[in-house]
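Below: one structure, written as structure tokens.
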Amino acid sequence: MASSLLTNTAAMTALQTLRSVSANMQMTENRISTGQRVATASDNSAYWSIATSMRADNAALSAVSDSLGLSAATVDTEYTALTSVLGSDGKSGLTKLQSLLVEAKTAGIDRKKIQTEITQIQQDMKNTANSATFNGVNWLSTTATTPTTVNLVSSFSRVGGTPTINTIQVTVANYSLYTSTQAGFLDTVSGAASIDTINIGALTDSAADQTTLDGLIAQVTGAINSVSQAAADLGAIKNRISNNSDFVKSLMDSVTSGIGQLVDADMNAESTRLQALQVQQQLGVQALSIANQNSQSILSLFK
């Protein structure tokens, strides 16, 4: 091959190789510094697009998880208040109220004293219902502005480009003890009075008053059944929210793992590749240096 002073083919070849090695080194260093082999759309447009969509889905799932936590706290507050009003320990609430009314049927008993205790229970149940508020939400003691139904966000999914948000619908009337229209479990008038306004202080041992007591006992028993059912429903909703919360967290972990499979760099492979490229770069520099000396050797021909 002829020696040329103007065209150094060996140097050009060495320079091209060195440029290629430098470009590969830059790419490898970027992967090592970012931890990703697909950090931008130019790295791999398909994988980058999928990963971006999955990250958006994960952000939505994170919002669902937060919403489930808020819903769980709300439901737990209402459930706790309902069980307190129910008074399953027999020392308070509707259970105690029922036992006092049964006691009031005893001949010759002082029903005014019993009414004093009944009044305290009535006030305690109302205070419990009024206090069952979380984040401004109260399903037990409602007003005219309380919504009739509440949708609790439970899950998020996306098929293609169509997102779907599932909810748990709660009908507030199923748990209301007191309402602005006196339609709750404890303020609905049945017969002569509601449970909230029961007063036996003036009743006697007469047959008519004993019949009135029987009706009040039946009324309280019905309220116990209604409140028990409401508490059971909220307990089921609590379990559903808990299950959905666990599932959403597991799903977020799966999505994160899937994103990693698409875009994360294999650091073992990248470190090995970097070392190989560093050696190639050093050899390339040496090859270019040798090729550049070829033009100097031409001078020896003219000595």
Side-chain angles (χ1 to χ4, degrees), residues 1-69 153 155-165 245-303:
M1 182 176 180
S3 296
S4 173
L5 182 62
L6 300 178
T7 304
N8 192 338
T9 305
M12 293 170 59
T13 302
L15 183 59
Q16 289 176 357
T17 302
L18 188 58
R19 285 173 177 169
S20 176
V21 171
S22 297
N24 289 334
M25 275 194 67
Q26 183 179 4
M27 180 176 64
T28 301
E29 288 169 352
N30 287 339
R31 289 179 177 180
I32 292 173
S33 62
T34 63
Q36 296 180 329
R37 65 185 178 89
V38 182
T40 63
S42 60
D43 295 328
N44 186 314
S45 59
Y47 281 5
W48 181 86
S49 176
I50 294 171
T52 300
S53 297
M54 292 176 71
R55 289 191 185 100
D57 290 349
N58 235 13
L61 287 172
S62 179
V64 170
S65 181
D66 293 341
S67 180
L68 283 169
V153 176
S155 65
F156 169 87
S157 61
R158 180 176 59 84
V159 178
T162 305
T164 301
I165 300 174
S245 181
D246 291 341
F247 171 72
V248 167
K249 290 176 181 176
S250 298
L251 186 58
M252 289 174 64
D253 290 342
S254 297
V255 171
T256 300
S257 178
I259 294 172
Q261 293 292 329
L262 289 176
V263 302
D264 286 358
D266 183 345
M267 301 307 284
N268 292 328
E270 297 302 333
S271 64
T272 302
R273 185 177 295 111
L274 180 61
Q275 292 179 15
L277 289 170
Q278 287 172 340
V279 173
Q280 291 179 42
Q281 186 182 48
Q282 293 171 7
L283 292 173
V285 170
Q286 292 180 5
L288 181 59
S289 177
I290 293 170
N292 285 334
Q293 292 176 5
N294 288 341
S295 59
Q296 296 295 326
S297 65
I298 296 177
L299 292 176
S300 64
L301 298 176
F302 300 95
K303 290 181 179 179

Minimum heavy-atom distance between [X] and [Y], given as atom pair plus value:
{"X": "N44", "Y": "V38", "answer": "O-CG1, 3.7 Å"}
{"X": "V153", "Y": "L68", "answer": "O-CD2, 3.3 Å"}
{"X": "T34", "Y": "A39", "answer": "OG1-CB, 4.4 Å"}
{"X": "D57", "Y": "F156", "answer": "OD1-CE2, 3.7 Å"}
{"X": "S65", "Y": "V248", "answer": "CB-CG1, 4.0 Å"}
{"X": "A14", "Y": "A287", "answer": "CB-C, 4.0 Å"}

Nearest-0.5 Å distance, [atom1] of residue [X] to [atom2] of residue [Y]:
{"X": "R31", "Y": "L274", "atom1": "CZ", "atom2": "CG", "answer": "12.0 Å"}
{"X": "I32", "Y": "M27", "atom1": "CD1", "atom2": "CE", "answer": "11.0 Å"}
{"X": "L262", "Y": "R37", "atom1": "CG", "atom2": "CZ", "answer": "7.5 Å"}
{"X": "L61", "Y": "D66", "atom1": "CG", "atom2": "CG", "answer": "11.0 Å"}
{"X": "I259", "Y": "Q36", "atom1": "CD1", "atom2": "CD", "answer": "9.5 Å"}
{"X": "T40", "Y": "N30", "atom1": "OG1", "atom2": "CG", "answer": "9.0 Å"}

Backbone N or O of [Y] within a donor-acceptor pair of the [X] side chain at under 3.5 Å?
{"X": "T52", "Y": "W48", "value": "yes"}
{"X": "T17", "Y": "T13", "value": "yes"}
{"X": "T28", "Y": "N24", "value": "yes"}
{"X": "S250", "Y": "D246", "value": "yes"}
{"X": "S271", "Y": "M267", "value": "yes"}
{"X": "S67", "Y": "A63", "value": "no"}
{"X": "T256", "Y": "M252", "value": "yes"}

*asked:* Quick check: do V263 and R55 have side-chain heavy atoms less than 4.5 Å from each other?
replied: yes
_So for atom CG, which belongs to L251, do other residues, nucleotides or ligands contribute more than 12 heavy atoms lying within a distance under 6.0 Å?_
yes
